[in-house]
Structures are given as structure tokens and as C-alpha cells.
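Reading through the C-alpha cells given below for one structure.
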Amino acid sequence: MKTDIIVVSSSGNQMKKALEQTEKVAIYKELSPKSTLQLRLLAEEMMGMMRSITGETEGKFWIEDEKNCYQLHLQVETRMNSEKRDQLLSAASSGKNESARGLMGWLRDFFERGAEDELVAPSPLLLSNMKDISTTPTLDWSWSMTGYQNELSNLVEQNNEEACRMWDELEKSVVTHVADDIKVSIRGRTTEMIILKKLV
């Protein structure tokens, strides 16, 4: 099953409709109250990340499911190059994106950077588990939360201080406790996030 695609914007347009669609999926699939709540929570987290993107941008939201594995998709076209982003951030006293904290903040940062930025720029998510899927990693690559967690866990076992701090940030994320996995990919100018959750 694949739902209709809803165009949402960072200003909040159509987000209510996207959440209503999530409820309709839960009813149609006869999900338990707990599963319905989890699906709704994941959609809300995704919409919250979308709303926090700097400036006005649009994204496509839809849900797919196969064998009780639900995938919430958010696809955004790159709309901000490095120069525009730097101009916006220079308005902040620190010159940094202050809200890029925690898992969803770090992921949102990818959506703001887009494919025109160098992905080697510092980001807590870019450990060595970043998987290149072409010879041009800045235009074609993917990231997985489970791979990131595994690598971070190994660093924590080695008493890496920075890894321990990042693990604490990860543990604070609602999404990490509810989702089975989160995948982010960039293909050309399109950045896509998929949140996966097995529900009954």
C-alpha cells in the first residue's frame, strides 16, 4: 500500500492533512491503539523537523507499508546552496545553526545543506558508517540510524568521550526509541528521509 503524496511546507501548510492521513492509515490497517500512537508520533516528529527548516521549502510526504513494516517518507528538493545557508547562519551570534542538536536537529541540518554542500563538513552523524553509493558522495549517498548506533556503541565501549556525549544526545531522541530505523539519502538534488517501523 502507498498513500497519496501530500505536499507539505516548512511554514506548516498541509501538515495537518499529513497527520490526518497517518490516522487514516492506522484505521484502514486496523492498527492497535499503541501502534496508532507510535505511527502518529513518528509522523509528528517528521513534520516537526520539516517545520524547523530555515526559510520556505516544500517536501513530499507519504506512507508505504509491506508486511506490517511501515515507511514514512519525506522527500525535499535542495533549495539552499552553501552561500545562502552561510548568509542565514551569519545572522546568528555564533555563526552556527544553534538548533542542530539531537538526532532530528542533525538530520534537519542535512536537509538544509542539501547536495550542493560538501558532506565532509563537520556533523555528528558523519561517522565512518556513511555509505558511499557512487563515486560522487556529495551527490549520491545514504545514511542509516542503525549503522550509526552500532558504530557509536563501539566508540562508547572504547570510552571515547565525544562518542559518549553523542550517545547521550541520541538517547534523548523520541524517534530513536520508537523507530526501528531511519534512513537518509541524497540523490542528485533530492534529499529523502524514511522512518521505518514494524507495527501490528
Side-chain angles (χ1 to χ4, degrees), residues 1-10 12 14-53 58-76 99-111 123-127 129-131 133 141-154 156 166-187 190-200:
M1 177 204 77
K2 179 178 177 179
T3 66
D4 292 337
I5 294 172
I6 297 174
V7 177
V8 295
S9 76
S10 55
Q14 298 274 73
M15 286 188 182
K16 184 179 178 185
K17 188 175 179 182
L19 295 175
E20 286 171 356
Q21 179 167 264
T22 305
E23 299 281 351
K24 288 177 184 174
V25 167
I27 292 167
Y28 177 73
K29 297 303 245 175
E30 299 179 348
L31 294 178
S32 70
K34 180 181 178 183
S35 293
T36 299
L37 184 63
Q38 290 176 326
L39 192 66
R40 168 87 186 203
L41 183 62
L42 293 172
E44 286 176 352
E45 285 289 313
M46 192 173 257
M47 292 302 106
M49 188 212 73
M50 180 71 187
R51 191 184 286 274
S52 68
I53 292 175
E58 290 186 341
K60 296 175 183 176
F61 171 82
W62 72 94
I63 300 173
E64 295 180 27
D65 86 289
E66 187 176 343
K67 296 180 181 177
N68 296 327
C69 182
Y70 291 79
Q71 299 179 14
L72 289 79
H73 292 254
L74 179 63
Q75 195 176 78
V76 176
S99 60
R101 293 185 179 137
L103 181 66
M104 295 308 280
W106 296 331
L107 290 174
R108 194 254 0 273
D109 207 33
F110 280 134
F111 280 77
S123 169
L125 298 179
L126 296 184
L127 300 173
N129 89 320
M130 187 176 85
K131 179 185 172 191
I133 48 181
W141 66 270
S142 64
W143 174 91
S144 163
M145 180 183 74
T146 52
Y148 174 75
Q149 285 175 312
N150 290 339
E151 185 171 1
L152 204 53
S153 176
N154 290 336
V156 168
M166 289 160 63
W167 184 265
D168 287 342
E169 285 288 338
L170 198 61
E171 284 293 297
K172 291 174 189 172
S173 170
V174 172
V175 178
T176 1
H177 293 288
V178 180
D180 293 329
D181 200 2
I182 300 171
K183 295 183 178 180
V184 177
S185 63
I186 289 181
R187 296 217 175 16
T190 303
T191 305
E192 182 172 8
M193 173 191 290
I194 304 172
I195 297 180
L196 297 95
K197 179 66 179 176
K198 188 96 169 170
L199 295 169
V200 290

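Source: prediction; values computed, not measured.
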What do the steps show when you test E192 against V76 for side chain to side chain contact (heavy atoms under 4.5 Å, CB included), and what is the final call?
CA-CA 6 Å; E192 182 172 8; V76 176; over 6 Å; no
Does H177 reach the main-chain N or O of E171 with its side chain, forming a donor-acceptor pair under 3.5 Å?
yes
What residues form a side chain to side chain contact (heavy atoms under 4.5 Å, CB included) with L41, not counting sequence neighbours?
E44, V174, V178
Which is it for Q75 and T191 under the side chain to side chain contact (heavy atoms under 4.5 Å, CB included) test, yes or no, and what are the steps along the way?
CA-CA 6 Å; Q75 195 176 78; T191 305; over 6 Å; no
Hey, does the side chain of K198 reach the backbone of K67 with a donor-acceptor pair shorter than 3.5 angstrom?
yes
Please say which of D180, I195, L31 ends up in a side-chain contact (heavy atoms from CB on, under 4.5 Å) with Y70.
L31
Ignoring hydrogens and geometry, is there a side-chain-to-backbone donor-acceptor pair from D181 to L196 under 3.5 Å?
no
Just by modelled atom types, is the S32 backbone N or O under 3.5 Å from a matching donor or acceptor in the T36 side chain?
yes
If you measure only the distance, is there a donor-acceptor pair under 3.5 Å linking the side chains of S9 and E58?
no
To the nearest 0.5 Å, what is the distance between CE (M145) and CG (L152)?
12.0 Å
Drop me the distance from E64's CD to C69's SG, to the nearest 0.5 angstrom.
10.5 Å
Nearest 0.5 angstrom please: F61 CZ to M193 CE, how far?
11.5 Å
Evaluate the side-chain proximity of V175 to M46: yes if any heavy-atom separation is below 4.5 Å, no if none is.
no
Taking all non-hydrogen atoms of both residues into account, name the closest pair between M47 and A18 and its distance.
SD-CB, 4.1 Å
Run the numbers on V156 and M166 for side chain to side chain contact (heavy atoms under 4.5 Å, CB included), then give the verdict.
CA-CA 9 Å; V156 168; M166 289 160 63; over 6 Å; no
In this structure, are over 12 heavy atoms from other groups packed under 6.0 Å from K2 atom NZ?
yes
Calculate, to the nearest 0.5 Å, the distance between atoms NZ and OG belonging to K183 and S144 respectively.
6.0 Å
Between atom CG of L42 and atom CD of Q71, what is the distance when rounded to the nearest 0.5 Å?
12.5 Å
Looking only at heavy atoms, which two atoms of Q14 and V8 are closest? And how far apart?
O-CG1, 3.7 Å
Within-4.5 Å side-chain heavy-atom neighbours: K197 and L39
no
When you measure from the side chain of N68 to the backbone N and O of V200, does any donor-acceptor pair fall under 3.5 Å?
no
Determine yes or no for a side-chain-to-main-chain donor-acceptor pair under 3.5 angstrom, with Q21 supplying the side chain and D4 the backbone.
yes
For T3 and I63, indicate whether the former's side chain and the latter's backbone hold a donor-acceptor pair under 3.5 Å.
yes
Does atom NZ (K60) have a neighbourhood of more than 12 heavy atoms from anything else shown, all under 6.0 Å?
no
Just verifying a value: how many Å separate I194 CD1 and L72 CG, rounded to the nearest 0.5 Å?
10.0 Å
